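Structure first, then comments.
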Amino acid sequence: AAVALLVPPLGQALEARGLRPLYDDIERPLVPVLARMEKVGVRVDETYLRSLVTGLTEEVHALDAEIQELAGHPFLVNSTKQLRTVLFDELGLQPQKKTKTGFSTDAASLAKLAGQHPIIDKLLRYREVEKLRSTYGESLLAEVGADGRIHATFQQTVARTGRLSSDRPNLHNIPIRTEEGRRFRRAFVPREGWSFLVADYNQIELRVIAHLAEDPGLIDAFESDLDIHTATAARVFSVDAGAVTLAQRSKAKMISYGLAYGMEAYGLSQRLGVSVDEASLILTAYFEAFPKVKSYMDTTVEEARQRGYTETLFGRRRLIPELSSSNYRVRQAGERQAMNAGIQGLAADIFKAALVKLDALLERDRLESRLVLQVHDEVILEVPPDENAAASEITLDAMHNACRLCVPLEVNLSWGTNWAEAKS
DNA sequence: CCGTTCACG
DNA sequence: ACGTACGTGAACGGA
Ligand SMILES: [Mg+2]
Ligand SMILES: [Mg+2]
């Protein structure tokens with residue numbers, strides 16, 4: 001009753017900002033879709049998860065002892081403060097970079113010290129294993145409910161770009177990049193006798209950039225049959241696609257990823273392990289090959305500066321007060337946020353539209369298949385054996401046709417008896 | 001409660 | 001309120 005009083009003013013606020021379609025067609029219909037996913041949850045193989053934890057706990061324990069032995073005295077390896085003292089005061093290793101509170105001990109800094117002392121390799125391994133044990137072992141186990149499933153909360157109003165987030169637990173950052181971590185994905189399994197269908201967008205942010213910037217080279221690259229990074233490298237380094245080296249491809253790939261974040265020459269140089277001068281040359285070559293990407297970025301920042309906010313293609317706004325800060329660094333950070341918001345935000349809008357559409361199609365066809373997870377550009381469904389074909393078809397349809405851009409939205413589909421299998 | 005670190009897209 | 005790549009959430013240590 002009291003809530004009814006909110007409808008007129010909130011409705012007017014939506015109208016005034018042109019947000020009515022985004023709300024009516026995407027955000028509001030998405031609420032029950034996410035609610036069902038939370039309620040359904042995802043099944044976890046608890047026994048298997050526990051076995052992973054056991055192995056990791058043993059290794060962490062051993063590494064912990066070795067590290068303290070190499071330090072020459074007991075200390076809390078998990079304490080960055082104590083570790084700083086050991087590395088930079090006692091062992092005399094060269095500090096690489098600073099944080100607010102002292103010298104950094106992050107993995108990138110440690111990696112630069114590799115070979116200078118045997119403690120470094122042990123620490124890197126310790127960090128990796130301890131992360132897996134604590135965050136994805138113990139903590140995930142504690143979230144498994146009496147029904148053998150994990151029920152996260154999917155936040156619709158947290159991320160400033162319009163993305164979803166997941167908490168208690170976060171199911172958006174389950175490991176995949178290392179084989180060791182990827183084992184945790186195997187713990188996520190479908191209902192007995194059913195299968196997982198995983199569908200994810202191929203390069204959605206780069207496609208969004210191609211669309212927004214209307215860059216002919218980038219659009220062409222997506223319409224050719226070439227691998228996108230190879231096609232990009234060919235243009236950047238002015239060689240035939242067939243002559244692109246692996247090193248050139250990986251440089252092109254790194255730029256493409258950094259693009260949506262407003263990466264500069266320094267950032268590129270750090271990630272490529274080349275000099276800032278070389279990185280600067282590569283970045284210049286990129287923007288010469290794709291000039292409209294450059295002008296899109298510039299225009300986006302300028303518009304945001306004037307209005308105080310960015311807007312996605314669907315009208316979603318993000319205020320960026322940092323753009324009028326008197327502090328140069330703060331202002332620069334604001335510029336990168338402005339560049340990124342329209343890109344990450346449009347990809348999120350498209351993905352949400354796909355979720356709503358997919359849910360409607362599952363309902364329309366009275367399928368038992370159900371959405372159990374989503375991760376930014378990926379959906380995971382559990383599917384009974386007799387619905388494989390139908391589920392594939394509507395998932396592809398919903399995602400492929402969620403939005404019409406000037407480049408196709410390509411979707412990868414795969415099946416598995418666990419989350420890891422269905423991603424490989 | 002903050003800072004650091006690190007997992008993901 | 002920050003060096004330099006955006007967006008999250010979580011574990012841990014320490015004040
Ligand atoms: Mg929960
Ligand atoms: Mg993808």
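Predicted model, so just to flag it, every value in this text is computed and none were measured. So that the names make sense, note that chain A is the first sequence line, chain B the second, and so on, each numbered from 1.
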*Option among T300(A), V208(A), T312(A) that satisfies the side-chain contact (heavy atoms from CB on, under 4.5 Å) test with I343(A)*: V208(A)
*asked:* From C-beta outward on E130(A), which listed nucleotide comes closest to its side chain: dG14(C), dC12(C), dG7(C)?
replied: dC12(C)
_So I176(A), base contact, sugar-phosphate only, or nothing? Heavy-atom distance under 4.0 Å._
sugar-phosphate
*Look at the side-chain N and O atoms of R84(A) and state whether any lies under 4.0 Å from the OP1 or OP2 oxygen of dG13(C).*
no
*Spell out, as yes or no, whether a donor-acceptor pair under 3.5 Å connects the side chain of S165(A) to the backbone of V158(A).*
no
*Closer than 4.0 Å, any side-chain N/O of N78(A) to the OP1 or OP2 of dG13(C)?*
yes
*Look at the side chain of R160(A) and decide which nucleotide, out of dT8(C), dA11(C), dG7(C), has an atom nearest to it.*
dT8(C)
*Look only at the side chain of H229(A) and the backbone of R249(A), and say whether a donor-acceptor pair between them is shorter than 3.5 Å.*
no
*How many angstroms lie between NZ in K81(A) and CG in L76(A), if you round to the nearest 0.5 Å?*
11.5 Å
_Interface limits on DNA chain B, where chain A has a heavy atom under 4.0 Å of a nucleotide atom_ = dG3(B) to dG9(B)
*Hey, does R133(A) reach any base, or is it just sugar-phosphate, or nothing, if we go heavy atoms under 4.0 Å?*
sugar-phosphate
*Specify the separation, in whole Å, of atom CZ of R168(A) and atom P of dT8(C).*
19 Å
*asked:* OP1 or OP2 of dC12(C) versus the side-chain N and O atoms of K131(A): is any pair under 4.0 Å?
replied: no
*Indicate, with a heavy-atom threshold strictly under 4.0 Å, whether V375(A) touches base, sugar-phosphate, or nothing.*
sugar-phosphate
*asked:* Using 30° and 60° as the class boundaries, would you call the ring planes of F154(A) and H172(A) parallel, tilted or perpendicular?
replied: parallel
_Students often get this wrong, so: under 4.0 angstrom with heavy atoms, is T105(A) touching a base, only sugar-phosphate, or nothing?_
sugar-phosphate
_Verdict with supporting geometry, W194(A) and T417(A), side chain to side chain contact (heavy atoms under 4.5 Å, CB included)_ = CA-CA 8 Å; W194(A) 293 26; T417(A) 58; over 6 Å; no
*Side chain of S79(A): nearest nucleotide among dA10(C), dG13(C), dC2(C)?*
dG13(C)
*Mind calculating the distance between NE2 (H172(A)) and C1' (dG7(C)) to the nearest angstrom?*
12 Å
_Applying a 4.0 Å non-hydrogen cut-off, can you work out what R127(A) is touching in the nucleic acid: base, sugar-phosphate, or nothing?_
sugar-phosphate
*Quick one: does V379(A)'s side chain get under 4.5 Å of V198(A)'s, heavy atoms only?*
no
*Using a heavy-atom cut-off of under 4.0 Å over every strand shown, decide if R318(A) touches base, sugar-phosphate, or nothing.*
sugar-phosphate
*Between the base of dC6(C) and the side chain of Q344(A), is there a donor-acceptor distance below 3.5 Å?*
yes
*Counting any heavy atom closer than 4.0 Å, what does R163(A) reach on the DNA or RNA strands: base, sugar-phosphate only, or nothing?*
base
*Find the distance I174(A):CD1 to dA10(C):P and express it as a whole number of Å.*
11 Å
*Over how many whole Å does the gap from I320(A) atom CD1 to dC6(C) atom C1' extend?*
11 Å
*dA11(C) OP1/OP2 closer than 4.0 Å to side-chain N/O of S139(A)*: yes
_P gap between dC6(B) and dT4(C), integer Å_ = 16 Å
*Nearest-Å distance, CG (L206(A)) to P (dC6(C))?*
18 Å
_Please check: side-chain N/O of R235(A) versus main-chain N/O of F290(A), any donor-acceptor pairing under 3.5 Å?_
no
_Taking only the C1' atom of each, what is the distance from dC2(C) to dG7(C) in whole angstrom?_
16 Å
*What is the distance from NZ of K100(A) to P of dA1(C), rounded to the nearest Å?*
7 Å
_Using a heavy-atom cut-off of 4.0 Å across all strands, would you classify A107(A) as base, sugar-phosphate, or nothing?_
sugar-phosphate
*Counting only N and O atoms by type, is there a donor-acceptor contact under 3.5 Å from the side chain of R28(A) to the main-chain atoms of Y23(A)?*
no
*Before accepting this row, confirm whether a basic side-chain N of the pair E128(A)/K131(A) lies closer than 4.0 Å to the acidic partner's carboxylate O.*
no
*Of the nucleotides dA11(C), dG7(C), dG9(C), which one has an atom closest to the side chain of N170(A)?*
dG9(C)
*Between atom CZ in F351(A) and atom C1' in dT8(C), what is the gap in whole Å?*
14 Å
*Contact class for K81(A) vs. all strands (heavy atom < 4.0 Å): base, sugar-phosphate, or nothing?*
sugar-phosphate
*Any idea which of dT4(C), dG7(C), dG13(C) is nearest the L76(A) side chain?*
dG13(C)
_Could you tell me how far apart D349(A) (CG) and dG7(C) (P) are, to the nearest whole angstrom?_
16 Å
*asked:* Is there a side-chain contact between L405(A) and I350(A) in this structure, where contact means two heavy atoms from C-beta onward sitting under 4.5 Å apart?
replied: yes
*Strand contacts (DNA chain C) in residues 249-262 of chain A, 4.0 angstrom heavy-atom criterion*: M254(A), Y257(A), G258(A), Y261(A), G262(A)
_Under the side-chain hydrogen bond (donor to acceptor under 3.5 Å, both in side chains) test against E311(A), which residue among R17(A), R318(A), R317(A) passes?_
R317(A)
*With rounding to whole Å, what would you report as the distance between dA1(C) and dG3(B) at their C1' atoms?*
15 Å
*Have a look at E138(A) and say if it touches a base, only the backbone sugar-phosphate, or nothing, with a 4.0 Å heavy-atom cut-off.*
nothing
*Could you check which of dG7(C), dC12(C), dA1(C) has an atom nearest any side-chain atom of H376(A)?*
dG7(C)
*Take H73(A) and E90(A) through the side chain to side chain donor-acceptor pair (under 3.5 Å) test and state the conclusion after the steps.*
CA-CA 11 Å; H73(A) 63 86; E90(A) 300 170 15; 2.6 Å; yes
*Sort by first number and list every stem of DNA chain C: at least 3 consecutive Watson-Crick or G-U wobble pairs, both distances under 3.5 Å.*
B:1-9 with C:6-14
*Hey, is the main chain of T230(A) close enough, under 3.5 Å, to the side chain of K253(A) for a donor-acceptor pair?*
no
*Respond yes when some side-chain nitrogen or oxygen of R336(A) is under 4.0 Å from OP1 or OP2 of dC6(C), and no when none is.*
yes
_Between D359(A) and R36(A), does any NZ, NE, NH1 or NH2 come within less than 4.0 Å of an OD or OE carboxylate oxygen?_
yes
